[in-house]
Amino acid sequence: MKKDIIKLGLALALFAAGACVALAMVYTVTKPAIDGHEARNLAESLQDIFPEADDFVDVNGELVSSEPGVTISGAWKAIKGDAILGVALRVLGKSYGGDAAMLVGVGTDRRIAGIRILVLSDTPGLGANATSPAYFVDKSSKTTFPGQFTDKPVSDPFEVKNDIAAITASTITSKALTLMAKRAGDAGVAWLEKAAAGGM
Amino acid sequence: MQRLWKIFSKGLISENPLLMLMIGLCSAVAVTSSVANAIGMGAAMTFVIVFAEFVISLFRKLIPNDARIPIFIIVIAAFTTIIDLSMKAYFPELSKSLGVFIPLIVVNCIIMGRVEAFASKEKPLDAVIDALGMGIGYTWVLVGIAAFRELLGNGTLLGAQIMPEAFQPILFFTLSPGGFMVFALFISFNIWLKKTLDKRSAGAAKEAA
């Protein structure tokens, strides 16, 4: 019996070791490509939100979220010359299908400069429509779900089905993303005010 | 050759994993709301089942019977992680839209079932052929269901607008209940197809006799 256990354990360990080596190799090969995608995605989204900015400076740690379920995982101020154009926040929250991440830009005019959804694992065809460039909450003006936030004053109520159009049959996704946008907007405005006062 | 064809072809219709064995259904309903997702999922799952069956069949004499299930899971999980990482690196868009369903290939009962029922007893070549048959059988059903659902539920195929502008998409087909209904239609179609094929081959056998 005892001998059996050792034999079984040995066999298991052998296969696990083999799998480990294979995975380590694949991981090393794919890691630069995956990191590259993420960095490029972020850089593109930042430039997309603040097209006039000529540099983005990491200001992470200076912004706080007022909501426990929404965390700020990164922040960059968009600058052109010496002037601050706004601040972009990477916020993490929970949506229907799990973790969601998005980039929220807040302009110095206290309006949302733009929103880009970075990670969302909601149902394809439903909640995932939030990231689809071909899904419009307002067909006549071709406004996408994240698109409707652009130029919206942060002081607005941000209520789904009131001043925010929901994605059909995806109220949870709509509400979760809207809450993230609102909290990011609040934090962004607070930071911009402090920056304007203290000259950060 | 004929023997291999028999192993391969049973996965397509007569022992189709989704429509006849009816295993691995959860992921199948979940990812079939668009054709692109269905193709990606089918390819990923085919990759994993082919390599898992090959490796397990190759080492089948070294795998102690009492520890076989954990070893199967290690092998399947390793290949699933490999395809997950590769998709993240080289097909980031597809990987994003398939989300959690790629890691969940680990617990796909089709792979576990075929590894246990077939690869752990048969030769590597047979196992690979069986895996290909099962993988393609899985993929064609996914793509078929997805085409049906995407066309009626969204008016598009592979993202391209097919239906005329005036067509009002039937959201029901994108939602899970519609998925189940289309699935049921495919099951009944496959049963009809199998019966017809069986009858024909029985008739041919009689004539030959």
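The figures here come from the full heavy-atom set of this structure, side chains too, leaving out hydrogens, waters and symmetry mates. The model shown is predicted, which means the values in this text are computed figures rather than measured ones. Order of the sequence lines sets the chain letters (A, B, ...), proteins ahead of strands, with each chain counted from 1.
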Taking side chain as everything from C-beta outward and backbone as N, CA, C, O, which of these in [X] sits under 4.5 Å from a heavy atom of chain B? Side chain, backbone, both or neither.
X      : value
A:V119 : neither
A:L118 : backbone
A:Y135 : neither
A:N41  : side chain

Turns out that what part of B:V75 lies under 4.5 Å from chain A's heavy atoms comes down to side chain

Item checked: Parallel, tilted or perpendicular, as decided by the 30° and 60° cut-offs, for the rings of B:F47 and B:F79 -> perpendicular

Counting heavy-atom pairs under 4.5 angstrom with chain A, the leader among B:P64, B:A67, B:S86, B:P92 is B:P92

Answer key: most heavy-atom pairs under 4.5 Å with chain A among B:N65, B:I74, B:I71, B:T32 is B:I71

When every non-hydrogen atom of B:R3 is compared with those of B:D126, the smallest separation belongs to NH1-OD2, 2.6 Å

Would you please say whether a donor-acceptor pair under 3.5 Å links the side chains of [X] and [Y]?
X      : Y     : value
B:E150 : B:S34 : no
B:Y138 : B:S27 : yes
B:R149 : B:S33 : no

Heaviest contributor of heavy-atom pairs below 4.5 Å to chain B, chosen from A:K7, A:M25, A:K31, A:H37, is A:H37

Between A:D163 and A:K152, is the closest basic N to carboxylate O distance under 4.0 Å? yes

